J.: 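Pasting a structure here, questions to come.
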Amino acid sequence: MVPPAWKVDGKRILTYLEAILQPSLPGSAIIIGAGAIGVEFATIWNSYGVPVTIVEMLPRVVPLEDEEISAELSKALARRKSTSWLVTGWKSCKQTSQASHLKQWGIRAK
């Protein structure tokens, strides 16, 4: 679910549906949510050379999976140079003509 203040435009702010239908790769990506779908997109895009940052509000990636699986997946993402941020919340999401800017608070880990 996308927060109402975030305007899904299909170009810079996407849901999984727009992301899967993109005709080309993004230059970089911030993926909100380190669940199965978020990690899947991060892995695919990263394997094509796209710099990816994954953010998750819960204390670990794939938080609904076993902790051991989560720990191993975190190591694998680190080896692939995907950045993972575990945060406690977001202040805002602002769009300009050039970029989208996310302001977070409470970063727990990188």
Side-chain angles (χ1 to χ4, degrees):
M1 176 174 226
V2 179
W6 297 14
K7 307 278 189 284
V8 175
D9 62 7
K11 295 176 184 172
R12 286 184 298 196
I13 297 182
L14 316 169
T15 67
Y16 77 94
L17 187 58
E18 291 89 10
I20 205 165
L21 297 174
Q22 290 294 304
S24 60
L25 294 170
S28 63
I30 296 174
I31 297 175
I32 309 294
I37 294 171
V39 169
E40 183 176 20
F41 274 105
T43 301
I44 292 167
W45 284 344
N46 187 255
S47 69
Y48 284 110
V50 175
V52 175
T53 298
I54 307 166
V55 294
E56 174 60 57
M57 291 179 66
L58 294 175
R60 57 192 173 90
V61 296
V62 291
L64 300 179
E65 302 301 329
D66 182 73
E67 286 187 37
E68 185 177 324
I69 291 169
S70 177
E72 291 302 315
L73 185 54
S74 292
K75 291 176 194 175
L77 290 169
R79 283 192 301 271
R80 299 186 96 176
K81 296 185 174 78
S82 292
T83 304
S84 297
W85 288 349
L86 302 176
V87 302
T88 56
W90 291 102
K91 286 184 179 179
S92 65
C93 175
K94 294 183 181 179
Q95 292 184 4
T96 67
S97 60
Q98 300 295 316
S100 295
H101 302 275
L102 298 174
K103 290 188 180 183
Q104 78 279 349
W105 54 271
I107 295 176
R108 291 193 294 260
K110 260 189 177 180

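Nothing here was measured: the structure is a model prediction, and the numbers come from that model.
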J.: Is it true that, when you exclude E18 itself, more than 12 heavy atoms of the residues, nucleotides or ligands shown sit nearer than 6.0 Å to its CD?
T.: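 Yes, enclosed.
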
J.: Identify the two heavy atoms, one from S70 and one from V61, that lie closest to each other, and give their separation to 0.1 Å.
T.: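 In this case the closest contact between S70 and V61 is OG-O, 2.6 Å.
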
J.: Taking all atoms of both residues into account, what is the closest heavy-atom pair of F41 and Y16, and its distance?
T.: CZ-O, 3.7 Å

J.: Locate the shortest heavy-atom distance separating S47 from I44; write the atom from each residue and the value.
T.: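 S47 and I44 have their closest heavy atoms at OG-O, 2.6 Å.
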
J.: If we only count heavy atoms from C-beta on, is the E65 to L73 side-chain gap below 4.5 Å?
T.: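 E65 does not reach L73 side chain to side chain.
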
J.: Is it the case that atom CG in L25 sees more than 12 heavy atoms from other parts of the structure closer than 6.0 Å?
T.: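 Yes, because the 6.0 Å sphere around CG of L25 holds more than 12 heavy atoms from other groups.
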
J.: Please find the pair of heavy atoms, one from G27 and one from P51, that lie closest to each other, and give the distance.
T.: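 Closest pair (atom of G27, atom of P51, distance): O-CD, 3.2 Å.
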
J.: Under the side-chain contact (heavy atoms from CB on, under 4.5 Å) test, which residues partner A36, sequence neighbours left out?
T.: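 Testing A36 for side-chain contact (heavy atoms from CB on, under 4.5 Å), a comparison that skips the adjacent residues, returns none.
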
J.: Judged by modelled atom types alone, do T43 and E40 share a side-chain donor-acceptor pair under 3.5 Å?
T.: no

J.: Check whether any side-chain heavy atom of P26 sits under 4.5 Å from a side-chain heavy atom of R12, and report yes or no.
T.: no

J.: Is I54 reachable from L64 through a run of hydrophobic residues whose side-chain heavy atoms are each under 4.5 Å from the next?
T.: no

J.: Calculate, to the nearest 0.5 Å, the distance between atoms OG1 and CD1 belonging to T15 and I20 respectively.
T.: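 CD1 of I20 is found 10.0 Å from OG1 of T15.
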
J.: Strictly distance-based, threshold 3.5 Å: is any side-chain N or O of Q22 a donor or acceptor partner for the main-chain N or O of K11?
T.: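 Pair absent, no side-chain N/O of Q22 close to backbone of K11.
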
J.: How close do A19 and L14 get, heavy atom to heavy atom, and via which atoms?
T.: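 Between these two residues, the closest heavy atoms are CA-CD1, 3.9 Å.
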
J.: If you compare all heavy atoms of R60 against all heavy atoms of E56, which two are closest, and at what distance to 0.1 Å?
T.: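 Closest pair (atom of R60, atom of E56, distance): O-CG, 3.6 Å.
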
J.: For I13, check side-chain contact (heavy atoms from CB on, under 4.5 Å) against everything at least two apart and list the hits.
T.: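 Counting only residues at least two positions away or on another chain, I13 forms a side-chain contact (heavy atoms from CB on, under 4.5 Å) with V8, D9, C93, Q95, S100.
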
